[in-house]
Amino acid sequence: MASHTTLILLLPLLAAADVAPAPAPPAAQTINLTGILEKGGQYNTLLRLLNATRVGEQLGSQLKTTYDGLTFFAPTDAAFAALRPGTLNGLSDQEQVQLVLYHVLPRYYTLATFQTASNPLRTQATGPAGVYTVNVTTTTGQSLVNVSTGVAAVPLGTTLSADFPLAVYSVDGVLLPEQMFGKAKAPAPAAAPASAAGKGANKEHKKGGAMPKNEVAATAPTAGAGGEDSDDSATTNAAAVAGAAGVVWTAALVGIANLVIA
């Protein structure tokens with residue numbers, strides 16, 4: 001009787017041993033923006049900005065809890081190098097934060113969804129006037145996508161990541177918000193063509209050598225009261241002077257001859 005009781009008690013334990021344990025739930029996928037950019041190999045300036053402004057940490061936290069995902073436009077090192085010297089250093093710490101956040105859309109966009117998106121699109125940058133926005137346009141029948149800021153239009157380049165919740169697109173220009181950098185300046189007007197007289201003077205001067213930068217070109221002498229007759233009067237005066245000199249020398253020779261004869 002005791003042996004039967006022991007067997008009955010062991011049966012549940014044996015049955016439990018035959019059942020395989022339930023698999024653990026898969027770990028949530030970790031999206032690492034820094035790793036994506038480092039793998040790209042041409043985003044060193046952007047990586048330094050993400051670190052200095054701590055926007056990289058902020059985006060990492062958002063990616064863990066977001067339901068809509070994020071889209072990030074990543075300017076290359078060449079894009080930052082094309083900026084006017086001192087542009088980044090001339091920004092305050094808060095302005096640098098806003099510049100980086102201006103490259104972030106608070107939603108996951110594929111190239112296909114850009115085609116149906118309604119402009120303007122909100123970014124994560126804000127200022128006294130509210131949220132900064134961009135316009136994203138696509139070329140019909142092509143995959144060309146342009147991001148316009150009001151200062152410049154920048155085409156999208158390589159897709160660095162397309163896995164939800166983060167899409168990362170390379171761009172060859174830094175997105176400059178109009179609220180911080182103003183509207184695009186109109187091109188400077190073309191210089192007026194030099195006059196024919198000026199060209200002739202320059203050519204004549206080049207024959208004698210290059211004109212120094214600060215040299216003032218000599219001007220032609222002005223006509224006298226007689227206008228065009230001034231040249232003739234100058235010639236007449238010169239002839240008169242020469243004739244007077246001849247008379248003086250003739251008188252002197254005659255005087256010497258008389259002295260000798262006497």
Side-chain angles (χ1 to χ4, degrees), residues 23-77 79-80 83 87-114 116-136 145 147-151 154 156-181:
Q29 183 179 5
T30 301
I31 303 295
N32 186 353
L33 175 61
T34 300
I36 294 172
L37 296 176
E38 288 177 344
K39 185 178 180 180
Q42 54 178 340
Y43 305 95
N44 296 317
T45 304
L46 178 58
L47 284 167
R48 287 195 295 269
L49 267 177
L50 286 169
N51 182 55
T53 59
R54 308 193 72 172
V55 172
E57 297 178 12
Q58 175 183 333
L59 297 180
S61 299
Q62 285 184 252
L63 289 171
K64 295 177 182 178
T65 58
T66 181
Y67 289 98
D68 296 324
L70 297 174
T71 299
F72 189 81
F73 301 119
T76 62
D77 291 333
F80 281 103
L83 292 175
T87 297
L88 292 181
N89 292 334
L91 300 177
S92 66
D93 292 345
Q94 183 59 30
E95 288 173 332
Q96 288 187 359
V97 170
Q98 296 306 319
L99 178 62
V100 178
L101 289 177
Y102 190 63
H103 291 72
V104 185
L105 305 181
R107 180 183 170 185
Y108 173 83
Y109 286 94
T110 64
L111 294 177
T113 54
F114 274 134
T116 58
S118 298
N119 287 310
L121 302 182
R122 298 163 58 92
T123 72
Q124 287 200 335
T126 58
V131 177
Y132 297 173
T133 61
V134 296
N135 289 321
V136 179
V145 180
V147 183
S148 177
T149 69
V151 176
V154 179
L156 256 64
T158 307
T159 300
L160 301 178
S161 176
D163 296 328
F164 185 85
L166 177 65
V168 183
Y169 301 101
S170 178
V171 289
D172 292 332
V174 179
L175 304 182
L176 302 177
E178 185 177 341
Q179 293 86 342
M180 294 171 57
F181 295 91

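Everything quoted here is computed from the prediction, not taken from an experiment. Sequence positions, counted from 1, serve as the residue numbers for this chain.
- When all heavy atoms of Thr76 and Ser170 are compared, the closest pair comes out as CG2-OG, 3.5 Å.
- Annotation: the span from Asp77 atom CG to Gln42 atom CD amounts to 7.0 Å, rounded to 0.5 Å.
- For CG of Asp93, the number of neighbouring non-hydrogen atoms (other residues, nucleotides, ligands) closer than 6.0 Å is 12 at most.
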Take Ser161 and Tyr169 through the side chain to side chain donor-acceptor pair (under 3.5 Å) test and state the conclusion after the steps.
-> CA-CA 7 Å; Ser161 176; Tyr169 301 101; over 6 Å; no
Would Asn119 and Val136 satisfy side chain to side chain contact (heavy atoms under 4.5 Å, CB included), going step by step from the backbone distance to the final call?
-> CA-CA 7 Å; Asn119 287 310; Val136 179; 4.2 Å; yes
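- Distance CG/Leu176 to OG1/Thr87: 7.5 Å, rounded to 0.5 Å.
- For the pair Leu175 and His103, the tightest heavy-atom approach, listed with the atom from each and the gap, is N-NE2, 3.1 Å.
- With rounding to the nearest 0.5 angstrom, the OG1 atom of Thr133 is 6.5 Å from the CD atom of Gln179.
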Are Leu111 and Leu156 close enough, and set up right, to give a side chain to side chain contact (heavy atoms under 4.5 Å, CB included), and what steps lead you there?
-> CA-CA 10 Å; Leu111 294 177; Leu156 256 64; 4.1 Å; yes
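- For the atom pair Thr45 OG1 and Phe80 CZ, the distance stands at 6.0 Å (nearest 0.5 Å).
- Applying the salt bridge (charged side-chain N to carboxylate O under 4.0 Å, His left out) definition to pairs two or more places apart or across chains, those involving residues 39-59 are Arg54-Glu57.
- Counting only distance, with no hydrogens or angles, the side chain of Gln96 and the backbone of Leu88 share a donor-acceptor pair below 3.5 Å.
- Under the side chain to side chain contact (heavy atoms under 4.5 Å, CB included) criterion, Ala125 pairs with Gln98, Leu101, Tyr102, Thr123, Tyr132, sequence neighbours left out.
- Listed for the Asp172 side chain is no donor-acceptor partner under 3.5 Å among the backbone atoms of Ala79.
- Between the CZ atom of Phe73 and the CG atom of Leu160 there is a distance of 12.0 Å, given to the nearest 0.5 Å.
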Steps toward side chain to side chain contact (heavy atoms under 4.5 Å, CB included) verdict (Leu166, Ile36) | CA-CA 10 Å; Leu166 177 65; Ile36 294 172; 4.0 Å; yes
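- Residues Val104 and Leu59 meet the side-chain proximity criterion, which asks for heavy atoms closer than 4.5 Å.
- Without hydrogens or angle criteria, Thr53 side chain to Leu49 main chain gives a donor-acceptor distance under 3.5 Å.
- Contact between Val154 and Gly173 at its shortest, heavy atoms only, is CG1-N, 3.5 Å.
- Contact detail for Pro106 and Leu70: the closest heavy-atom pair is CA-CD2, 3.8 Å.
- Atom CD in Gln124 sits 8.5 Å away from atom CG in Leu105 (nearest 0.5 Å).
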Go through the steps to decide whether Leu121 and Arg107 satisfy the test side chain to side chain contact (heavy atoms under 4.5 Å, CB included), and finish with yes or no.
-> CA-CA 10 Å; Leu121 302 182; Arg107 180 183 170 185; over 6 Å; no
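- Panel note: side chain Tyr108, backbone Tyr67; no donor-acceptor pair is recorded below 3.5 Å.
- Contact of the Phe164 side chain with the Thr110 side chain is not registered, since no non-hydrogen atoms from C-beta on lie closer than 4.5 Å.
- In this structure, Phe114 and Thr71 approach most closely via the heavy-atom pair CZ-CG2, 4.2 Å.
- Without hydrogens or angle criteria, Thr66 side chain to Asp68 main chain gives a donor-acceptor distance under 3.5 Å.
- At a threshold of 4.5 Å between non-hydrogen side-chain atoms, the residues Val55 and Val97 count as touching.
- For Glu95 against Met180, the heavy-atom pair with the smallest separation is O-CE, 3.5 Å.
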